[in-house]
Amino acid sequence: MSEDSEYNDSTPRLPSRRTIIVGAAWSVPAIAALSASPALAASYDTVLAFDQASYSGQVCTTISGAYVTATTGGAAAAGKVVTVSLAGGFTFSGGGTSATGTTGGDGRFTLPTITVPNQPNTGTATATATGAAATSVTLQAKGTFARFLTIQNISVVSDIVFDRIPSTAVPIGGYGLFLDGSTLWYGNTVFASNVSAARGNRNDTTDFFSYVENGVAKSAYGSNGSVTAIRTWTNVPGTATPVGGYGTFLNNGDLWYFDTVVATGVDRAAALSGGMNGPAQGQWQDYVGYFNNAARSFKGLNGTPQDPQGFFNVPSTVSVTRMPNLWLNNNGDLWYGNLRREGGVSNASGGLRSSVNDGTIVWTSSTPGAADVTDYRTGNRRTFNSTPTTSTAVGGDGVYLAGSDLWVNNRKTTTNVAKAVSDGGPNGYIHISYATNGC
């Protein structure tokens, strides 16, 4: 299939199962000291230098012990009045952004404690003094709010932290895919700005996502924060909303798939993308479920809808879930395709595993409580008696959020979680993109 912009396909592999916690890389060079022109250099008899090339701290903590040294002719300069100014949301204890002090016999001015902002950010500290050139260093506020958890056979393989993504960001599905207001992040890097909406999912090692940027509908796929290709849909209106997966949008009743209206009168839809062949061969499938005058679905391949189906037993009062063709009625009946699966259901979700023919549907009901079907073709059912019945299903493979506790396959895995989205994969892998509460 043609792409509007193509990247080198260097898809990273899944993290090593030996990795427990990996801090996402964030390397910011220190800001170089401001240097004077040769004509002015003679007027500077003092040199200022911070004790470190940069300073960093976790959000909502402090940085202490930083100091500036003044030297004249290479020797410590006592009695120099030095002012240090902070920018980027960093403050000194007490709330001010400027501190002034006099160097001691060792030429040092020790800074008051620096308060790190409550969101990830980059700032500067700048030192000035009479007879000296100003010098600056980088300040880094690192967060632990946005994370990506990989589990295999109920054991944690990795829990990756994206330390630049703020606590206000919401996971949309996939590795490091978070939407913070109108900013779309992918793998600890700002991927797009002025984004009105975005949805995605992960399948095996591939992330599929669609979004609307600056009023233009787009889709992308990649792996672990590395983009393989981006495609722009020139026909899709800028007011459209992505409904999940790759290349599927809904706008004023029109369901768009790969730049073409494939159904009208649609008022709810969901899509996921994946497949055994993977995007390296360009042969993944897009699985789309929607409701116009009936519940319907199709499998899409490279923009061509295939295997259209209608499910005429499904009531018109159902709501769409994240899993295409999984419908929840307002009376608590859970439908998959034309089959009523359960009654008394309060919420439901789901996700793909290795292909569109292998997925999980997950729900919470009064009886038996939290449960899922791990292969919806054969109905291999599991129940999770320890998982609270008040929990919410957040994706495939037995993943639930109960308050701020994340439960995976009947075990409380982590706490202080605000939002989460789960996707499955082959060989027992479960991928969970989640955001913790702010500090």
If you measure only the distance, is there a donor-acceptor pair under 3.5 Å linking the side chains of [X] and [Y]?
X	Y	value
Tyr434	Asp159	yes
Trp233	Ser219	yes
Asn329	Thr317	yes
Asn251	Thr239	yes
Ser182	Asn194	no
Asn224	Arg202	yes
Glu213	Ser193	no
Asp254	Asn252	no
Ser136	Thr126	yes

* Could you walk me through whether Asn416 and Thr436 pass the side-chain hydrogen bond (donor to acceptor under 3.5 Å, both in side chains) test, one step at a time? => CA-CA 6 Å; Asn416 196 36; Thr436 62; 4.6 Å; no
* Asked: When rounded to the nearest 0.5 angstrom, what is the spacing between CD1 in Ile63 and CD1 in Ile114?
  ->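 Taking CD1 in Ile63 and CD1 in Ile114, the distance rounds to 5.5 Å.
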* Asked: Do Asp423 and Leu352 pass the side-chain contact (heavy atoms from CB on, under 4.5 Å) test, and can you show the C-alpha distance, the side-chain angles, and the key distance before you say yes or no?
  -> CA-CA 7 Å; Asp423 289 296; Leu352 299 178; over 6 Å; no
* Phe209 vs Phe191, ring pair (Phe, Tyr, Trp, His ring centres under 6.0 Å): CA-CA, chis, key distance, verdict -> CA-CA 12 Å; Phe209 53 105; Phe191 177 78; 5.3 Å; yes
* For the student: nearest non-hydrogen atoms of Ser85 and Ser98, plus distance ->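 Nearest heavy atoms, Ser85 then Ser98: OG-OG, 4.0 Å.
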* Do Tyr55 and Phe90 have ring centroids that are under 6.0 Å from one another? ->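 Between Phe90 and Tyr55, the centre distance exceeds or equals 6.0 Å.
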* Main-chain N/O of Cys60 paired with Asn118 side-chain donor or acceptor, under 3.5 Å ->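 It does not hold such a pair.
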* Asked: Do Asp51 side-chain atoms and Ala66 backbone N/O form a donor-acceptor pair below 3.5 Å?
  ->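 Checking the backbone N and O of Ala66 against the side chain of Asp51, no donor-acceptor pair under 3.5 Å is found.
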* Contact check, side chains of Thr392 and Thr364, non-hydrogen atoms, under 4.5 Å ->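 The answer is no, as the side chains (C-beta and beyond) never meet within the 4.5 Å cut-off.
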* Val318 vs Phe291 side-chain heavy atoms within contact, under 4.5 Å ->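 Touching, per the 4.5 Å side-chain cut-off.
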* To do: Check the angle between the aromatic planes of Tyr186 and Tyr175 and answer parallel, tilted or perpendicular using the 30° and 60° thresholds.
  =>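 Perpendicular.
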* Evaluate the side-chain hydrogen bond (donor to acceptor under 3.5 Å, both in side chains) criterion for residues Trp284 and Asp286: first the C-alpha distance (whole Å), next the side-chain angles of each, then the deciding distance (0.1 Å), finally the verdict. => CA-CA 7 Å; Trp284 75 82; Asp286 307 297; 2.9 Å; yes
* **Salt-bridge present (Asp405, Arg411; N to O < 4.0 Å)** =>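 No salt bridge links Asp405 with Arg411.
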* Assess whether side-chain hydrogen bond (donor to acceptor under 3.5 Å, both in side chains) is satisfied between Gln119 and Ser167, documenting all intermediate values. => CA-CA 7 Å; Gln119 296 291 346; Ser167 64; 2.6 Å; yes
* Take Asn188 and Asp163, measure what side-chain hydrogen bond (donor to acceptor under 3.5 Å, both in side chains) needs, and give me the verdict at the end. => CA-CA 7 Å; Asn188 219 30; Asp163 57 14; 3.2 Å; yes
